[in-house]
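Position 1 is the first residue of the sequence, and the numbers go up from there. Note that these values count all heavy atoms, side chains included, but never hydrogens, waters or copies made by symmetry.
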Amino acid sequence: MYQSFVYLEARILLPSVTEVFSVNKKTHKTTVNNDVLQQVFTFARAFGSDIPSLSPVERLTAKLPKLPDKRTLTGYSIKIAEGGSINIMFHNRAKKIFIEEIRIEEDAGRLARANGETRFDFSYAGYPSIRIHTTPSFETGEETEIFLNELRRLAQYLHIANEQAENTIRCNAFVSLSEYPDLPDYYVKLRNLNSFNFVRKAINSELTRQENMLSNGDVVKSESRLWNETKSRTEFFQQRTEIQRRF
């Protein structure tokens, strides 16, 4: 019998500010925009998350894209909170979804698919964003869709989401299976899912793909995949050598 492990990396786009991160040229000290900080603190407290007294500003390891229109990215990231949870109702039963960490980052652009082609959309590059990592609390795509709707309602209630933008919340999903009671030794990353409906479909489709492979004795590799709505399936995007374990 296989058990599923699914966690999300959700991003909420915030309203534009002049700078998310600013660096003092004399002291080289990096500070975070105070309005953004207050918004994210309020958001984190709604989950009952712990807010560390001191958190260093980190630089992301991923290569930063070249942006148009003289926009710039610092590539900085700061952890604002860790822990916490939120309850969702699934099949008339409450289920607790645990949060691993909440971060402030800049939107670095997003992948968009049109007419069978993949391109980058930099419309909101440089805008502040909240990045929420969950633990592997999900088992099905339906549960993730319910969670994301709760996330949207919370962001709207707190008036922190960028209401001028489409797809204010988007996410990556990480999906794996293992035979009970073992833990998985791989993950498949489903990238840039900008519709809650697509999140549900992509996760369920990927779980089915992986189960069929494992049942046939095949090995599921750690890789990034994209959701093809036209063909109703996930498709290979990029091989991954780094194994992130949150199990």
- Item | Residue pair R103, S77: steps toward the side chain to side chain donor-acceptor pair (under 3.5 Å) verdict | CA-CA 7 Å; R103 288 182 167 269; S77 172; 2.8 Å; yes
- Task: Please report the C-alpha distance between T30 and Y76 in whole Å, then the side-chain angles of each, then the deciding distance to 0.1 Å, and finally whether the side chain to side chain contact (heavy atoms under 4.5 Å, CB included) criterion is met.
- Result: CA-CA 9 Å; T30 303; Y76 290 145; 4.0 Å; yes
- Query: Which atoms form the tightest heavy-atom contact between A125 and L73, and what is the distance?
  - Reply: C-CD2, 4.5 Å
- Taken to the nearest 0.5 Å, the spacing of L13 CG from I130 CD1 works out to 10.0 Å
- F236 and F174: same hydrophobic cluster, using ILVMFWY side-chain contacts below 4.5 Å? no
- Query: So do I160 and T42 actually touch side chain to side chain, heavy atoms under 4.5 Å?
  - Reply: no
- Message: Y2 vs Y180, test: ring pair (Phe, Tyr, Trp, His ring centres under 6.0 Å). Steps then yes/no.
- Response: CA-CA 6 Å; Y2 294 107; Y180 183 84; over 10 Å; no
- Query: Checking salt bridge (Lys or Arg N to Asp or Glu O under 4.0 Å) for the pair E235/R233: CA distance, chi angles, key distance, verdict?
  - Reply: CA-CA 6 Å; E235 296 181 338; R233 69 186 187 194; 3.4 Å; yes
- Query: Quick one: salt bridge (Lys or Arg N to Asp or Glu O under 4.0 Å) pairs with a partner in residues 192-208, sequence neighbours left out?
  - Reply: E145-R200, K201-E229, E206-R209, E206-R225
- Message: Around atom CD of Q3, are there more than 12 heavy atoms from other residues, nucleotides or ligands closer than 6.0 Å?
- Response: yes
- Query: Under 3.5 Å, is there a donor-acceptor pair between the side chain of T134 and the main chain of L8?
  - Reply: yes
- Query: Is R153 atom CZ crowded by more than 12 heavy atoms from other residues, nucleotides or ligands, each under 6.0 Å away?
  - Reply: yes
- Joint cluster assignment, Y157 & I88, ILVMFWY side-chain distance < 4.5 Å: yes
- Check: E9 main-chain N/O paired with N172 side-chain donor or acceptor under 3.5 Å: no
- Task: Check the pair Y186, Q210 against side chain to side chain donor-acceptor pair (under 3.5 Å), reporting the backbone distance first and the verdict last.
- Result: CA-CA 11 Å; Y186 72 91; Q210 293 183 23; 2.5 Å; yes
- Query: Side chains of R170 and N192: does their closest heavy-atom pair fall under 4.5 Å?
  - Reply: yes
- For the residue pair L158 and F43, what are the closest heavy atoms and their distance? CD1-CA, 3.8 Å
- Message: side chain to side chain donor-acceptor pair (under 3.5 Å) for E106 and T74? Distances and angles first, verdict last.
- Response: CA-CA 8 Å; E106 299 157 316; T74 63; 2.9 Å; yes
- Task: For S85 and F98, indicate whether the former's side chain and the latter's backbone hold a donor-acceptor pair under 3.5 Å.
- Result: no
- Hey, could you give me the OG/OH distance between S176 and Y187, rounded to the nearest 0.5 Å? 10.5 Å
- Which heavy atom in T140 sits nearest to a heavy atom in F90, and how many Å separate them? OG1-CZ, 4.0 Å
- Task: Could you grab the distance from atom CD1 of I12 to atom CD of Q39, nearest 0.5 Å is fine?
- Result: 10.5 Å
- Message: Tell me whether S55 contacts the main-chain N or O of K79 through its side chain, where contact means a donor paired with an acceptor under 3.5 Å.
- Response: yes
- Task: Check whether any side-chain heavy atom of V199 sits under 4.5 Å from a side-chain heavy atom of L148, and report yes or no.
- Result: yes
- Message: Strictly distance-based, threshold 3.5 Å: is any side-chain N or O of N216 a donor or acceptor partner for the main-chain N or O of N212?
- Response: yes
- Message: Applying salt bridge (charged side-chain N to carboxylate O under 4.0 Å, His left out), can you list everything that pairs with E143, at least two apart in sequence or on another chain?
- Response: K95
- Message: Do I97 and I86 have side chains that approach each other closer than 4.5 Å (heavy atoms only, starting at C-beta)?
- Response: yes
- Message: Using 0.5 Å steps for rounding, measure from the CD1 atom of I51 to the CD1 atom of I102.
- Response: 8.5 Å
- Task: Search all heavy atoms of V20 against all heavy atoms of G126 and return the closest pair with its distance.
- Result: CG2-O, 3.6 Å
- Looking only at heavy atoms, what is the nearest atom pair of A202 and L193, with distance? CB-CD2, 4.0 Å
- Could you tell me which non-hydrogen atom of I146 sits nearest to which non-hydrogen atom of M89, and how far apart they are? CD1-O, 3.4 Å
- Message: Within this structure, what is the CG-CD distance for the pair L226 and Q238, rounded to the nearest 0.5 Å?
- Response: 9.5 Å
- Message: side chain to side chain contact (heavy atoms under 4.5 Å, CB included) for L151 and F47? Distances and angles first, verdict last.
- Response: CA-CA 10 Å; L151 208 62; F47 291 98; 3.6 Å; yes
- Query: Within a strict 4.5 Å, meaning less than it, do heavy atoms of the I78 and E105 side chains meet?
  - Reply: no
- Query: For the side chain to side chain contact (heavy atoms under 4.5 Å, CB included) test, which of V220, L177, T234 pairs with V188?
  - Reply: V220
- Query: For S178 and F5, what are the C-alpha separation, side-chain angles and deciding distance, and is it a side chain to side chain contact (heavy atoms under 4.5 Å, CB included)?
  - Reply: CA-CA 8 Å; S178 69; F5 294 83; 3.3 Å; yes
- Task: Carefully, step by step, assess L190 and W227 under the rule side chain to side chain contact (heavy atoms under 4.5 Å, CB included).
- Result: CA-CA 7 Å; L190 306 179; W227 173 244; over 6 Å; no
- Message: Contact between I169 and F196 at the side-chain level, heavy atoms closer than 4.5 Å - yes or no?
- Response: yes
- Residues forming a side chain to side chain donor-acceptor pair (under 3.5 Å) with R45, sequence neighbours excluded: none
- Nearest-0.5 Å distance that lies between atom CD1 in I132 and atom OH in Y7: 15.0 Å
